[in-house]
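The next block holds one structure in the form of structure tokens; read it before the comments.
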Amino acid sequence: MTNGERRTLMLDFLGYLKRTHMCGELRASDAGSKVVLMGWVNKRRDLGNLIFLDLRDRTGITQVVVTADSGAAHDKAADVRSEFVLAVIGHVKLRDQGTVNKNIATGEIEVVADAVRLLNDCKPLPFTPADTVLANEEVRLKHRYVDLRRPEMQRNIQLRHKVSIAIREFLNSQGFYEIETPFMTRSTPEGARDYLVPSRVYPGEFYALPQSPQIFKQILMISGFDKYFQIVRCFRDEDLRADRQPEFTQIDLEISFARPEMVFHVVEGFLKAAFSTIGVDLHTPFPQMSYDQAIRLYGIDKPDLRIPCMADVREAFAPANLETLHVDAELPIVAIVIPKVGDLSRKDRDEIKTMFGDRKDAKVFEDIKRLEKSFPEAAAKIRELAKPNAEDLLVVVAGNVLATAANAVTDPAHQTAVRQCQRAYEIYAAAGQLRLALAQKYAERHGAFKHGNFRFLWVTDFPMFEWDEAEGRWNAAHHPFTSPHEHDMDKLESDPGAVRALAYDVVLNGTELGSGSIRIHRQDIQAKIFKALGMSPEEQQARFGFFLEALQYGTPPHGGIALGLDRIVMILAGAESLREVIPFPKTAKAVDLMVDAPTPVSARQLKELGIAVVGKKDL
RNA sequence: GGGGUCGUAGUUCAGUUGGUUAGAACGCUGCCCUGUCACGGCAGAGGCCGCGGGUUCGAGUCCCGUCGACCCCGCCA
């Protein structure tokens with residue numbers, strides 16, 4: 001018999017047999033009882049006249065012993081291989097002293113088989129759930145049903161279930177209604193690319209899968225449902241990342257007569273409930289920080305609070321120092337502190353330069369001791385401002401003096417200001433990136449990234465508009481229905497860049513978990529925003545006509561938020577990728593390797609939809 | 001769209017400066033084994049070295065292209 005071939009086995013029927021226990025349940029106190037277990041063969045250890053089978057289901061593993069005197073049972077057990085599906089009828093026996101297995105919960109007992117039923121066999125697998133080394137992800141995804149049997153995946157999916165249930169229960173207790181919104185809806189040309197669904201009835205016309213139920217949930221507020229939530233799939237046709245899938249699940253909610261604090265309170269409540277499912281007691285309320293602060297202190301709008309913030313050390317340098325160092329005096333100078341890194345070799349310090357990259361606009365001083373030699377006073381002042389401990393790594397990031405030509409400004413005045421802001425922002429961002437890269441590299445040393453350290457944060461007061469360099473106009477930073485700050489209304493026309501939005505993000509350990517805002521409920525303000533965005537009344541009508549009409553029929557003030565369920569579960573599970581907490585994820589090229597999707601469809605299907613596909617080369 | 005890492009047996013990997021018949025472990029098949037739990041012992045099967053082209057007397061190894069997996073940038077209102 002060659003590899004892969006097996007003698008034909010006689011399989012048994014389940015018949016009237018009923019399972020009495022799960023495989024992870026039995027304990028010493030069950031000794032003596034008659035039991036029926038069902039599950040998969042995790043491992044077989046065949047000692048000849050004595051065969052051990054580890055039977056596995058979602059609750060755990062029980063060792064089954066089959067002795068030669070059990071006759072038929074022993075013959076069957078001899079034929080059994082990995083991942084066969086069995087029913088074992090037997091009795092629970094306390095294990096002898098020396099044979100207890102402390103590694104499994106059921107290790108004090110074993111089930112002595114009286115009879116074995118072969119419910120199904122299993123072809124030799126590319127990998128098994130019992131393997132100690134993990135197979136390649138490509139192989140895992142192709143045979144996802146096997147991969148999902150692995151205890152770790154079972155745990156992750158169970159965790160996901162628990163988190164969903166905890167959130168549902170909490171929101172229900174707070175008076176939220178769970179209301180479904182359509183998956184087949186209208187394409188909104190702004191934002192991410194839509195996944196389109198062709199209409200058969202109207203050839204050439206398309207539905208779009210929702211990027212979020214945004215407009216529907218706002219309409220539900222107009223409809224008087226007061227508090228809505230939904231744990232809902234959303235779709236975005238953009239390139240993937242470890243933390244981005246084309247279809248993902250959001251915890252979406254909206255509240256009528258809402259102020260931001262009310263939204264914060266609800267989110268803190270359900271996150272507390274979700275985290276308590278794994279025994280983590282979250283401290284609420286979460287700290288808050290303005291967007292502006294986040295940029296200046298962390299160089300990013302989703303600060304990771306597990307490591308110290310950056311420090312502004314601009315004042316440490318005398319004008320003469322800056323000139324010598326070719327540092328732009330107009331731009332910020334920031335110090336990064338990474339705790340407990342200890343002494344670095346010359347090679348490690350050079351590595352920092354590589355990590356920072358070759359930039360025109362910014363430079364890094366990675367060797368503070370060298371800076372100390374030439375500029376002792378500045379270095380002393382930097383230490384005073386950044387407050388590193390003796391073992392901490394301290395590096396400084398500053399702006400480069402640019403050639404005058406590159407810095408020439410012919411734009412109107414407000415654009416000059418924008419440009420200056422932009423350059424400062426780039427310094428902060430560059431420093432922020434280096435801070436994270438260093439923190440990642442020296443994670444072992446500072447220990448702040450160990451699983452279980454959950455640092456939440458609200459980031460508030462996002463800018464209302466972003467300047468679009470390519471288009472030469474302002475864009476909505478969040479979406480065009482986000483309400484501006486009441487105090488900033490008067491700047492809508494005079495200084496759009498300074499208008500703050502009533503928008504907020506909830507951030508955990510440097511990952512954006514969710515984003516929300518108080519929405520515009522008044523027609524007059526909505527008109528001003530569209531005007532600031534340079535959108536003509538015709539364009540407004542074409543894009544959002546139905547919604548603008550709805551807004552006019554008694555819209556209450558309202559606001560809400562949406563959080564990524566996948567990301568929450570990923571962080572709770574301590575996983576590196578969303579794919580570890582999504583049962584059937586897609587690859588980086590948006591392919592489902594198990595079902596092999598997407599695929600071409602038949603000419604007949606296309607004809608019915610009025611669709612012609614142009615050759616790939618023509619695209 | 002751009003940059004990077006990787007691709008060798010079913011799986012995880014090794015493979016020297018380009019040089020005989022491409023190795024190991026696990027898995028698989030057969031035999032032996034009554035206390036294993038990463039069971040053990042003996043024997044065996046299993047390879048288009050991702051694919052295509054090039055350089056060379058000779059390519060798993062060097063070069064070019066291509067496909068696939070992963071990570072990052074762009075993108076994600």
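Computed over heavy atoms, backbone and side chain alike; hydrogens, waters and symmetry mates excluded.
Listed pair A/K43 / B/A38 fails the phosphate criterion, with no side-chain N or O lying under 4.0 Å from OP1 or OP2. Within the structure, every side-chain polar atom (N or O) of A/N101 is placed at least 4.0 Å from both OP1 and OP2 of B/C37.
If you check B/U36, B/C71, B/A38 against the side chain of A/R95, the one that comes closest is B/U36. The nucleotide whose nearest atom lies closest to any side-chain atom of A/V133 is, among B/U12, B/G35, B/C70, B/U12. In this structure, of B/C75, B/U11, B/G35, it is B/U11 that holds the atom nearest to the side chain of A/P126. Closest approach to the A/S577 side chain among B/C37, B/C71, B/U34 is made by B/C71 (side chain taken as heavy atoms from C-beta onward). Listed nucleotides B/A69, B/G74, B/G35 differ in distance to A/R241; the shortest reach to its side chain belongs to B/G74.
Remark: the A/T181 side chain and the A/Q230 side chain contain an N/O donor-acceptor pair separated by less than 3.5 Å. There is no side-chain donor-acceptor pair under 3.5 Å between A/Q63 and A/N101.
B/G1 and B/A14: their P atoms are spaced 32 Å apart (whole Å). A gap of 16 Å separates the P atoms of B/A9 and B/G52, to the nearest Å. With P as the reference atom, B/C13 and B/C64 are 26 Å apart, rounded to whole Å. B/G19 and B/G74 have their P atoms separated by 43 Å, given to the nearest Å.
Checked by distance alone, A/E110 brings a side-chain donor or acceptor within 3.5 Å of a matching partner on the base of B/G35. Between the side chain of A/R81 and the base of B/G27, no donor-acceptor pair under 3.5 Å is found. A donor-acceptor contact under 3.5 Å links the side chain of A/D239 to the base of B/G74. Between the side chain of A/R244 and the base of B/C75, a donor-acceptor pair under 3.5 Å is found. Between the side chain of A/R45 and the base of B/C33, no donor-acceptor pair of N or O atoms lies under 3.5 Å.
Taking for each of A/R567 and A/R579 the nucleotide of RNA chain B with the nearest heavy atom, the 5'-most of the two is the partner of A/R579. Nearest-nucleotide positions on RNA chain B place A/V100 closer to the 5' end than the other of A/V100 and A/E138.
To the nearest angstrom, C1' of B/U11 lies 14 Å from CD of A/E83.
Counting non-hydrogen atoms under 4.0 angstrom, A/F52 reaches a base of the nucleic acid. Residue contacts shown for A/R44 are absent, as no nucleic acid heavy atom lies under 4.0 Å away. Using a 4.0 Å heavy-atom cutoff across all strands shown, A/I61 reaches no nucleic acid atom at all. If you check every strand for non-hydrogen atoms under 4.0 Å, A/A477 touches sugar and phosphate atoms only. Contacts of A/Q63 with the nucleic acid, taken as non-hydrogen atoms under 4.0 Å apart, include base atoms. Across all strands shown, A/T132 has no heavy atoms under 4.0 Å from either base or sugar-phosphate atoms.
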Note to self: For A/H479 and A/S517: C-alpha separation, side-chain torsions, deciding distance, then whether side chain to side chain contact (heavy atoms under 4.5 Å, CB included) applies.
What the structure shows: CA-CA 9 Å; A/H479 58 65; A/S517 64; 4.1 Å; yes
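Between A/F465 and A/I529, the closest side-chain pair of non-hydrogen atoms falls below 4.5 Å.
Remark: A/K93 engages A/E110 in a salt bridge (charged side-chain N to carboxylate O under 4.0 Å, His left out) (not counting sequence neighbours).
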What pairs of donor and acceptor atoms, side-chain ones from residues 435-443 of chain A against any protein atom, are under 3.5 angstrom apart with sequence neighbours left out?
residue	atom	partner	partner atom	Å
A/R435	NE	A/P308	O	2.9
A/R435	NH2	A/D304	O	2.8
A/R435	NH2	A/I307	O	2.8
A/R435	NH2	A/P308	O	3.2

